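Structure record follows, encoded as structure tokens.
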Number of protein chains: 4
Amino acid sequence: MPHPTFFNLPADKRNLIFEAAVEEFYEFGYAKASISRIVAKTGIAKGSFYQYFEDKKDLYKHVLEVIGRQKTEFSAAAFHDLERNDLLQMVRELFVSGIRFYRAHPKLASIAGDFAKLREPELKREITGDAAVKSNEFFIRLIERQKESGRIAPDVDAPVLADLIAFLSVYVAEHYADQALFGSEKQAMKTIDSLIWIVENGIAATNRPGR
Amino acid sequence: MPHPTFFNLPADKRNLIFEAAVEEFYEFGYAKASISRIVAKTGIAKGSFYQYFEDKKDLYKHVLEVIGRQKTEFSAAAFHDLERNDLLQMVRELFVSGIRFYRAHPKLASIAGDFAKLREPELKREITGDAAVKSNEFFIRLIERQKESGRIAPDVDAPVLADLIAFLSVYVAEHYADQALFGSEKQAMKTIDSLIWIVENGIAATNRPGR
Amino acid sequence: MPHPTFFNLPADKRNLIFEAAVEEFYEFGYAKASISRIVAKTGIAKGSFYQYFEDKKDLYKHVLEVIGRQKTEFSAAAFHDLERNDLLQMVRELFVSGIRFYRAHPKLASIAGDFAKLREPELKREITGDAAVKSNEFFIRLIERQKESGRIAPDVDAPVLADLIAFLSVYVAEHYADQALFGSEKQAMKTIDSLIWIVENGIAATNRPGR
Amino acid sequence: MPHPTFFNLPADKRNLIFEAAVEEFYEFGYAKASISRIVAKTGIAKGSFYQYFEDKKDLYKHVLEVIGRQKTEFSAAAFHDLERNDLLQMVRELFVSGIRFYRAHPKLASIAGDFAKLREPELKREITGDAAVKSNEFFIRLIERQKESGRIAPDVDAPVLADLIAFLSVYVAEHYADQALFGSEKQAMKTIDSLIWIVENGIAATNRPGR
DNA sequence: TATGAATGAGCTTTCATTCAT
DNA sequence: AATGAATGAAAGCTCATTCAT
């Protein structure tokens, strides 16, 4: 976590540093990001940086935390109006808001995507904490409930499906973002619908082929 | 491509270098891998390294090429006995042989996984060429054929399904090391079956619900 | 240009570095000069060097700039008392102050001489800028004026003469410096006078042989 | 001197090596020329190079010797038809044949020019030996003779005039590539005439102003 | 709290030369 | 005589971090 000195900074300066960090992580990734470049870009003193942050990792964690919060805010609005308990509707919204977030903050989304792919398990655990686990559990409960209500086939493997959905929400956003960015949004939505439809159909309780 | 010097090396030394490179890329990833460490580990002279390889990128490309070849050999056997044209069987075998490869060569698989996540589009293109595109096209053709033969519902969006399969491959690859999903052989097969089953059911031509 | 860091250094240290750079460029020339040797000689950290200077070129440019300033100061005094418009008097002073500078600062003069002979047109342009052009134009104007006033023959090729004078001022200094250094100054001055006299006579407007 | 092995080489190979060396010295100068690049360019083995030449210096000396011989051949023809003892005619022919040589072999001429500027007194002495001194003495004798025959004013300082001629040779050589001075054949001749004419006039025995 | 100079290990890469085959 | 792999010192430069002011 950044030192209190950082949060006591005037908003201007704090934002300046944050933006520079975003630029840096966006362009070079975590491993190759350079503190030297960041302080050069912002004009703050090298020493000051270490008053604000423990080290590079600390800065990275902060950036990701902010991104996480923004992402949550982004999807929260969408989730608000959803009929609770409708998994697919929720997944759809997850994909759509993923793409929307990517369109609104491409650099933040890209950094988040890189993080998801990061090769430093310890760091990942430090940053995500049990958020991923919590989210996963939420989806699992949702799936189980829909099995009970007969909307999802009882032999669907809930943990695998929950995990898959989380995974897809990241990769789908990244994969279709350009399409959504440069093509029509409509086309992107149609694509998502096709994808969802396969999954929906795949897990539906009705008329399932015997296994 | 490595210089001929490298291939003329006695197998012992060549392997020593290759193993050291694998260790290094495995532990630090491409960006942070250090030639200095590799030569220190192997005991070869710094200058000698540059007799064998153009530069770090050249070594990396070589390692990936070898991994690619090994992977291909690995799955080739599995694909041999397959009924051609059965999409799902093929995908299933893809996943299974992926896991087997990971079990046999965890470090190589890990390096390959990192490469997939690499943030250097140009380098990726250099190495993979248009393999990804080719593979995508192959799957699309396969899907179309299975639609004609009535095994896949005609209203399935072929490119989207091909994408989904690619996503799933990545998903499986990224979770190789996940104990919960792929810990035991039994667990691994169960997870793969769950994934395949969702897709199979999602695209089946029989008894489909209206959209 | 060196970074402000360098100019903020205590004079002692700054001079130490400057002297070491002069020694290095004097002994090895630009191409073979080694930053590593300079930092070793001065005892400063490698990293510190790069706090002071952008790179080797930056250091070289700085050294040459200082030399240029010192040279200018050197000749400025001499030029002060000159009757404006007397070309030969000026040329004589140019040669003499060239030799004096060489005697006072042989290493600096040697570095400047090397620079004049440097095989890197772009770098040369960067450093001299249009100073050479300006100086050339000044001499051309002077020559033209003396043609009008009848002291120089009208058929003298002004640009060639101006160029030649600039060239000679460097080479004469280098050539006669040793003489001036180890022989008597008087002898050196006599030599210069002989040289000037040939040129003077060669371009005089009076009693010229037909061509 | 190159080892006998070099001269025993088939002419093809020998020329190949020579041309590559010329290219290298032309492009990078002596200090930065790289044996590694030369052997790469020619395809000969690194070890073979050291069978032919002692080291880089040895190769350089050889190249310069060949250039020297070619230059001599070049001017020899021109000097053949000259009235012996006419200093200015000789100097003029020196300049003209210099330019012709540059036109015919720009790279060789450029290497020779670089050599003249080289900062390695010992190497220079090794290569030129006392040629410069000999040439100087030759000109002094010529001048003295022309003084006696009344074509040069008796009060001309012979050693200084010899020096001036040497300076001018360097001046001409250094400006070969200068479009403004030596661009067209006509321009070249005009510039040379201007230079000669200044000297000629400067040292003429007739109608001299008192000193 | 802010500063920014100092640090030196570290990086990738090139070099001329040697030497066993 | 020819080879070309081996060598390791040296190059220029960047890095995250410390610390005295």
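Values reported hereafter were calculated over all heavy atoms of this structure, with side chains retained and with hydrogens, waters and symmetry mates removed. Here the structure is a predicted model, which means the values were calculated and not measured. Proteins get letters first, then strands, A, B, ... in listed order; numbering begins at 1 in each.
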Calculate the interatomic distance between [X] atom [atom1] and [N] atom [atom2]; express it in whole Å.
X     : N      : atom1 : atom2 : value
C:H3  : E:dT3  : NE2   : P     : 19 Å
A:K32 : F:dT14 : NZ    : C1'   : 10 Å
D:F53 : E:dT18 : CZ    : C1'   : 18 Å
A:D58 : F:dA16 : CG    : C1'   : 14 Å
B:I17 : F:dA6  : CD1   : C1'   : 11 Å
A:I38 : E:dG4  : CD1   : C1'   : 17 Å
C:Y30 : F:dA11 : OH    : P     : 15 Å
B:I35 : F:dA9  : CD1   : P     : 19 Å

Among F:dT7, E:dC15, F:dG12, the one nearest B:S48 by side-chain distance: F:dT7
Options E:dA6, E:dT13, F:dC13, nucleotide nearest the side-chain atoms of C:K56: F:dC13
So, OP1 or OP2 of [N]: does either fall under 4.0 Å of a side-chain N or O from [X]?
X     : N      : answer
B:T5  : F:dG4  : no
B:K13 : F:dA6  : yes
A:Y50 : F:dT17 : yes
A:Y52 : E:dA2  : yes
D:S34 : E:dT14 : no
B:K46 : F:dG8  : no

Watson-Crick/G-U partner (both atom distances under 3.5 Å) of E:dT21: F:dA2
Pairwise side-chain hydrogen bond (donor to acceptor under 3.5 Å, both in side chains) hits with a residue in residues 16-32 of chain D, at least two apart: D:E23-D:K107, D:E24-D:R37, D:E24-D:K41
Heavy-atom donor-acceptor pair, [X] side chain to [Y] backbone, under 3.5 Å:
X      : Y      : result
D:T42  : D:I38  : yes
D:K124 : D:A116 : yes
B:K56  : B:A33  : yes

Residue whose nearest DNA chain E nucleotide is more 5′ - C:G43 or B:F49: C:G43
Most 5' of D:K57 and B:R37 on DNA chain E, judged by nearest nucleotide: B:R37
Considering every strand and a 4.0 Å limit on heavy-atom distances, what is the contact class for [X]: base, sugar-phosphate, or nothing?
X     : result
A:A33 : sugar-phosphate
A:I44 : nothing
B:D55 : sugar-phosphate
D:L59 : nothing

Donor-acceptor pair under 3.5 Å, D:Q51 side chain vs F:dA2 base: yes
Residue met sooner reading DNA chain F from 5', once A:S36 and B:G47 are mapped to nucleotides: B:G47
ring-ring contact (aromatic ring centres under 6.0 Å, His included) partner of A:F6, the single match among A:F49, A:F53, A:F18: A:F53
ring-ring contact (aromatic ring centres under 6.0 Å, His included) assessment of B:H62 paired with B:Y52: CA-CA 11 Å; B:H62 173 64; B:Y52 308 145; over 10 Å; no
